[in-house]
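Down below is the structure, laid out as structure tokens.
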Number of protein chains: 2
Amino acid sequence: MLQFTLKAAGERALPPHLLSDKTGRRHGANALHLPPRSTVFLQGYGRAPQSRVLDGCVALSQSLPDGRRQIIDMVGPGRLLGIGVGEHNRCSADTLSYVTLEPVGEVDHRDLEQALEEMVLRAQAHATLLGRKTAPERVASAILDLAGQFVRPSRSKRETVCFNLHPTRGELADWLGLTVETVSRCFTRLKRAGLIEFRHPEIVTLLQPQALADIAAGNRAIDNINPV
Amino acid sequence: MLQFTLKAAGERALPPHLLSDKTGRRHGANALHLPPRSTVFLQGYGRAPQSRVLDGCVALSQSLPDGRRQIIDMVGPGRLLGIGVGEHNRCSADTLSYVTLEPVGEVDHRDLEQALEEMVLRAQAHATLLGRKTAPERVASAILDLAGQFVRPSRSKRETVCFNLHPTRGELADWLGLTVETVSRCFTRLKRAGLIEFRHPEIVTLLQPQALADIAAGNRAIDNINPV
DNA sequence: CGATACGTTGATTGACTTCAACTAAGGTGG
DNA sequence: CCACCTTAGTTGAAGTCAATCAACGTATCG
């Protein structure tokens with residue numbers, strides 16, 4: 001029974017040497033800045049160097065020979081990139097926003113194992129989503145996941161949370177094993193049900209996070225909501 | 001472009017201290033023997049102890065609150081159990097055959113990281129399967145995967161490979177995000193197409209492994225096969 | 001301005017699910 | 001040894017959720 005809790009991106013467990021962000025631009029020296037929709041590394045090429053995402057959103061994806069694409073994971077601030085991709089990358093990594101990367105020469109065992117374990121856990125949860133959840137459940141899950149990774153720890157006066165949804169509808173579709181149209185329709189339904197709000201497609205506000213979590217977990221149908 | 005290669009279970013990279021199997025029953029002392037359909041550990045309970053599968057097949061699964069079940073991975077000989085399952089297990093582990101386990105007190109970093117990486121790679125490939133493959137492609141992929149993990153390195157006179165398919169149709173369905181009926185229908189179609197053969201539902205022979213691999217990768221439709 | 005990409009909405013189709021009936025194999029107890 | 005039950009597997013018919021096909025609106029950008 002997934003209990004709903006949102007962790008702001010700033011609260012995520014950053015290793016100590018990254019926390020200097022507030023005081024100064026300590027890692028500005030060797031940090032990598034990438035524009036949206038650029039490739040970090042490519043499926044099939046030599047093993048990628050490891051780096052840590054400081055800011056922005058990166059999509060890990062695999063493609064079948066005929067072009068069908070599956071986004072495996074959405075990687076946000078604090079997480080490692082270039083781990084668990086095999087000898088020759090079995091994944092491509094693409095930025096979905098402006099992204100700041102910090103190359104990490106070598107990670108200590110503790111950090112690496114923790115990061116790998118997080119990859120496994122997320123991949124497992126995603127497999128359950130892809131194998132067993134309905135389209136609205138998938139979209140609700142996605143929104144909550146991305147909110148968790150990308151909310152700014154800003155003014156949290158009300159229980160409404162607003163955040164920037166980096167992936168397009170098409171990218172969400174590739175992540176959730178759906179099509180653009182289905183994703184769009186689910187957003188519309190969630191909006192009409194009063195669970196989320198958006199004026200622009202990428203600025204999303206969670207109006208009823210708990211109800212959203214219920215849907216994501218399969219405990220409630222999208223239609224059984226009393227609009228507030 | 002997945003090239004088809006089958007690795008017999010015996011050839012898989014076992015750590016040196018397990019290879020004594022041929023010479024004697026060195027690990028017979030503390031080995032754990034479990035009957036089919038028994039639980040190794042349960043979703044939601046305390047962190048499971050780690051062990052290595054010496055023989056048999058274990059299913060890692062997650063369940064949604066309403067009972068929908070997704071099998072995350074099928075674990076065969078040589079692989080570690082109880083890694084990447086989170087603080088409180090987010091997975092259950094169930095035996096699908098007679099299983100021999102060897103408890104491992106602590107694994108060295110090298111082994112653990114390699115095992116975790118394998119978990120990640122397999123989970124990623126499975127996500128692509130669940131998100132983007134058709135039912136026949138999924139079943140073909142599953143058969144090849146299980147063949148790779150469970151073929152006995154026996155008489156390989158011809159290119160036909162015979163192996164014991166431990167999971168039932170229902171368990172395969174839970175693994176592949178399908179229903180029993182769909183899995184059964186796909187088996188029938190593959191059989192009629194001359195790609196596999198089975199008299200009993202769990203003794204399967206691969207007649208045309210390469211064609212099966214083509215289907216699994218989405219390079220060929222199930223119907224475009226010349227029956228030999 | 002056209003041109004392109006993204007998003008939304010509607011109509012139709014189709015792949016897989018659901019529901020249902022039936023067969024075969026294994027176990028139990030009279 | 002056979003009636004009885006249960007479970008797994010197969011097959012057919014009907015139903016449904018999401019995909020496909022199609023049209024349109026809007027924003028961005030040379």
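In what follows, every chain begins at residue 1, and chains take the letters A, B, ... in the order their sequences are listed. What's counted below: heavy atoms across the whole structure, side chains too, no hydrogens, waters or symmetry copies.
Ion pairing between a basic and an acidic side chain is recognised when a charged N comes within 4.0 Å of a carboxylate O; A:Arg37 and A:Glu171 show such pairing. The pair B:Glu137-A:Arg68 meets the salt-bridge criterion, since a charged nitrogen lies less than 4.0 angstrom from a carboxylate oxygen.
Read 5' to 3', the first and last nucleotides of DNA chain D with an atom closer than 4.0 Å to a heavy atom of chain B are D:dG9 to D:dA13.
For A:Phe198, the ring-ring contact (aromatic ring centres under 6.0 Å, His included) partners at least two apart in sequence or on another chain are A:Phe187.
Here the side chain of A:Arg138 pairs a donor or acceptor atom with the backbone of A:Leu130 at under 3.5 angstrom. Between the side chain of B:Gln50 and the backbone N or O of B:Leu81, no donor-acceptor pair lies under 3.5 Å.
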- Once base and sugar-phosphate atoms are separated, protein heavy atoms under 4.0 Å mark nucleotides 6-21 of chain C, 5' to 3', with B, S and - as -SBBBB----SBBB--
- Item | Steps toward side-chain contact (heavy atoms from CB on, under 4.5 Å) verdict (A:Asp94, A:Thr39) | CA-CA 4 Å; A:Asp94 305 274; A:Thr39 303; 3.4 Å; yes
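Aromatic ring centres of B:His166 and B:Phe150: separated by under 6.0 Å.
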